[in-house]
Structure formats: C-alpha cells, structure tokens
Amino acid sequence: MKKRVHVNLPVEELPKSWYNVKADLPFKMDPPMNPATGEIMNPMDMTAIFPKSIVEQEISEERFIDIPEAILDEYAVFRPTPLIRATFLEEFLRTPARIYYKYEGTSPTGSHKTNTALAQAYYNSIEGVTELATETGAGQWGSALSYAGRKFGLNVRIFMVRVSYESKPMRQHMMGMFNGTVEPSPSINTESGRNFLTDERNYPGSLGMAISEAVEIVLNSEKKKYSLGSVLDHVLLHQTVIGLEIEKQLAILGEKPSVILGCHGGGSNFGGTILPFVKRKLQGDELELIACEPESCPSLSKGEFRYDFGDSAGLTPKVKMYTLGKDFVPPSIHAGGLRYHGAAPIISRLVHEKLVTPEAFPQDETFKAGILFATTEGIIPAPEACHAIAGAIRRAREARDRNEEKVIVFTLSGHGLLDLSSYTSILESNEKLLEFEGVKG
Ligand SMILES: *Cc1c(COP(=O)(O)O)cnc(C)c1O
C-alpha cells in the first residue's frame, strides 16, 4: 500500500492559547478612526457594537491569550483538525514538491468560521448579551454563528447577501436548523437597507451592505451586539489555532515550509494560518506567504492602502486596509465568501510591508483546481478554498519546471458539499474544466 500521511493530533495537543502577532511585529498598527469625528477612536467606543471582552482582545498586545475552558471544550468537538499530504495531487502534477493541506472542513458547519464563532458567542454570553446580529455572504459565517449562538444560548439574526440567499438555499436550512433567523439583504427592515434599495444596482447586495444592516440594529444596545466573521484583529486572533496546529504537525513530520497559502476574503483563515509563521519570516527564514484572492474582487492586489469603512453605509469605524472602496459591488462570483471590498488591517499591513504576497485567480482556474482536487484527494472544496488550491497548484508546477523540492502548505478552509450547484453551473458554462488526463496517469 502507498504511504499516505495524515497527521491527526490527539485532543491534548489542542493549542491552549491564541497567538497575537501584534506582540512580535516591528511596527505599530494604524488605529481605527471614529466615523463621526474622523479622529483616532477611543477603543471603548467600540463597545457600542461589541462586548467589552472582545474589544479588549481587539486592542491587546499580549503575545498569547488563554482560550477559556468552555471554548476549548467546544473546539475539542472537531479540533485539532488534520494536516494531510496531498500525495495523489502531487502524483498527478508530477511535482517534486510536497504538498500539505490543513483541512478545516471537518468543523460542525463545514468551515474554519466556527473557530471564531464559538469564541464570540461565548464572550457575548458571559456579558449578558441575548442577541447577535451579523451578515453573511455565502452563508458559512451565518451557519457557524447560528451553531455557536445555539450552544451558548443566544438568538442570532443574519442578513444574507441577496444573491447568495437566492442561490444557496441549503445554507438557509442549516441556519434555521440551529435556530438562526435569516433574511435577504438589502432588506426593507432597516434604514440602511431601505436606502440601498433606492438604487436598483444594489439589489443583489454585498457584504458591505449586509454589515450596515446588522450594525444598525445593535447600535448602542446593551442586550444586542454585532458579530463579525472576518477582517478584525480579534477574529484573526481566534483563527490562529489553525496555524498553531500546523506548526506542531509540521514539526512532527520534520518539515520546514517554503510556501504557505490560503484563500483571502476578509483575511481570517489566511491570517489564522500564516500569523504564527510571520515571526520566522521576520527572522529571515525563506518563506513565501501567499494570499489567494479572486480576480473579480482583488482587494489586496488592486485595492488602495488607506482608511476606509468596513461597511457600505459608513456606520463602522474606519480602518486602514487595502480597499476597492466601500461602494464597490463585486460581481456575483460563486465564491461568495470572497466578495468583500476590503481586507483585514493586519494582512493589509503585512502586504504593504512585503511580508505577504497577494495573488489573484480567474474563476475558471479555481474551479478547475477544485474539481482536480476533489478527483485526486477525495474532498469537494468550498469555492473559496479552491483559490488556495489553485495557488498551491501554480507553485507545485513551478517547482516541477525548476525541479525544486519545495514544501507547500495551504489551508483548505471548508468543504463544498452545499456548493455543488456552483460547480454545475460553472461546468455548464465551460465544459473544458473537466478536461484533464485520467488521474491515475
Ligand atoms: C468565509 C469563508 C472564506 C473567506 O473568509 P476569510 O475571512 O478570508 O477566511 C473562505 N473560505 C471559506 C470556506 C469561508 O467560509
């Protein structure tokens, strides 16, 4: 039998703290700005929408932040997640590179989002919050937060970008099953939503618009808070369990990564994956960190690095990030989770400092990579995750052409079992995507 490498850590190896990269960065991050005054924000103003403990994490400079017992217990339901060597994909590509993927699709709702959803639900619940409002693109975040809210006794109200609401009914069923309440955005139930709807071009919605609606209904409420599934520092912090586990798993194999990749929407799975490795890069290790994004929403590769709002109505603090502009309405690509005008401030700064390299991919290349991955490795990837696979394949082919023995590691952020209709419609538009040789060569 062929040797197959799956590194499954025992539950005792679950990281007991999250890693805060800000403790190790040789520069200070630009602070958020108050949208009303245009001045540097008093962090505690953020308690208008977030619980205090989350705001404290957002601004913390501590290197390690302990994960509370109640969250560890929930993580243990599905973590540590496996690191798998993609031997069949390597064989197909005839590459001398070794390709490893960290699989986050084993989480209860099928993506990495549960890592922060559980943490946020927990902190809100201990501060007496009873309802969380949020936005969701493809529905992954709404599902994760509904699950987490249900665990910790919170009601969850979700504004779902309308194009996804209409094209991904299965995600609605999942949110409903965990008692989440979901409505298409822009909706007529908020002032921001009604304003957006006065321009029909806004009808398909965007993450930026959905964020405005969710923020609006919690502003200055004690019992209702807002929860964001990506972009902010505390979200990336919670996601570092991914990279911390990868570190342990690679150490067991005695491997040193040469390239680490992840798909990039708001930056949370990518940040969670690479942040624990940034220190090595600062110390001079030869290590490429690559953020894979769609060509149709290329915030990091084509955006401007400046202060901008996180939402479309301008209700959130302004943060310094790569942005395509808050009014940018991305085309309705299938990877709904990557349709965001901005990017995480931490990742943006790392790109600006040339520690992280962005790379953009056309949709057909990502789906072709996804279909090849499903066929070789036996996991149907989420359309978002297909971007990371496409990035890994580009690097593996490059290694073949140069005959280089590289170690390529990427995070497979979620499975695509609820995205099969996207695969079908892509295949209908381009049959060539199935044209690759038999995978057994
Ligand atoms: C939400 C989502 C993404 C994009 O969000 P990030 O914050 O950039 O990670 C990527 N993959 C999957 C499976 C998602 O659900």
Side-chain angles (χ1 to χ4, degrees), residues 1-15 76 78-107 110-112 241-263 269 272-274 276-277 280 285-290 292 368-382 385-417 436-441:
M1 200 175 75
K2 245 187 254 173
K3 197 161 170 255
R4 181 81 183 166
V5 184
H6 287 227
V7 187
N8 294 304
L9 295 173
V11 73
E12 298 74 46
E13 289 293 323
L14 242 176
F78 60 101
R79 303 207 73 85
T81 59
L83 182 81
I84 303 169
R85 180 161 168 199
T87 45
F88 278 104
L89 179 63
E90 287 172 18
E91 233 169 80
F92 176 84
L93 297 170
R94 297 191 183 82
T95 178
R98 294 190 289 285
I99 307 174
Y100 295 94
Y101 60 95
K102 175 71 166 165
Y103 186 40
E104 289 293 306
T106 58
S107 98
S111 81
H112 68 287
V241 285
I242 301 174
L244 293 168
E245 287 179 9
I246 295 176
E247 266 196 311
K248 292 191 185 197
Q249 288 162 315
L250 289 176
I252 288 173
L253 295 167
E255 290 281 37
K256 206 172 157 215
S258 22
V259 192
I260 307 179
L261 313 96
C263 64
N269 88 86
T273 302
I274 63 120
F277 293 90
R280 300 186 189 196
D285 264 26
E286 237 176 80
L287 172 62
E288 273 188 289
L289 305 171
I290 300 173
C292 306
K368 184 158 189 169
I371 293 167
L372 176 62
F373 190 83
T375 313
T376 48
E377 290 297 314
I379 293 174
I380 298 171
C386 290
H387 291 70
I389 301 169
I393 291 177
R394 279 190 189 174
R395 285 305 182 291
R397 292 208 157 111
E398 204 177 271
R400 180 188 61 198
D401 296 344
R402 300 179 186 164
N403 202 16
E404 275 175 354
E405 218 188 280
K406 281 200 164 162
V407 176
I408 300 172
V409 181
F410 70 91
T411 288
L412 193 68
S413 51
H415 70 65
L417 293 174
F436 46 84
E437 300 287 311
V439 296
K440 294 280 184 179

side-chain contact (heavy atoms from CB on, under 4.5 Å) between Arg85 and Lys3, intermediate numbers included: CA-CA 10 Å; Arg85 180 161 168 199; Lys3 197 161 170 255; over 6 Å; no

Carboxylate-amine/guanidinium proximity below 4.0 Å for Glu247 and Arg280: yes

Could you tell me whether the side chain of Tyr103 reaches within less than 4.5 Å of the side chain of Leu412, counting heavy atoms only? yes

The test is side-chain contact (heavy atoms from CB on, under 4.5 Å); show your working for Ile252 and Leu9 and say whether it passes. CA-CA 10 Å; Ile252 288 173; Leu9 295 173; 3.5 Å; yes

Show your reasoning for whether side-chain contact (heavy atoms from CB on, under 4.5 Å) applies to Leu253 and Leu83. CA-CA 10 Å; Leu253 295 167; Leu83 182 81; 4.2 Å; yes

Once you round to the nearest 0.5 Å, how far does CD1 of Ile274 lie from CD1 of Ile242? 11.5 Å

Indicate yes or no: at least one non-hydrogen side-chain atom of Thr87 is less than 4.5 angstrom from one of Val5. no

Please determine if Glu405 and Lys256 form a salt bridge, counting it only when a charged side-chain N lies under 4.0 Å from a carboxylate O. no

Separation of Tyr101 OH from Leu89 CG (nearest 0.5 Å): 9.0 Å

Approximate separation, where rounding is to 0.5 Å, of Cys263 SG and Ile290 CD1: 13.5 Å

To the nearest 0.5 Å, tell me how far Thr273 OG1 sits from Glu245 CD. 10.5 Å

Run the salt-bridge test on Arg79 and Glu104 with the 4.0 Å N-O cut-off and return the result as yes or no. yes

Step by step, work out the side-chain contact (heavy atoms from CB on, under 4.5 Å) result for Thr95 and Ile408. CA-CA 11 Å; Thr95 178; Ile408 300 172; 5.8 Å; no

Side chains of Thr106 and Pro82, heavy atoms from C-beta outward: is any pair under 4.5 Å? yes

With the side chain counted from C-beta on, respond yes when Ile246 and Thr411 share a heavy-atom pair under 4.5 Å apart, and no when they do not. yes

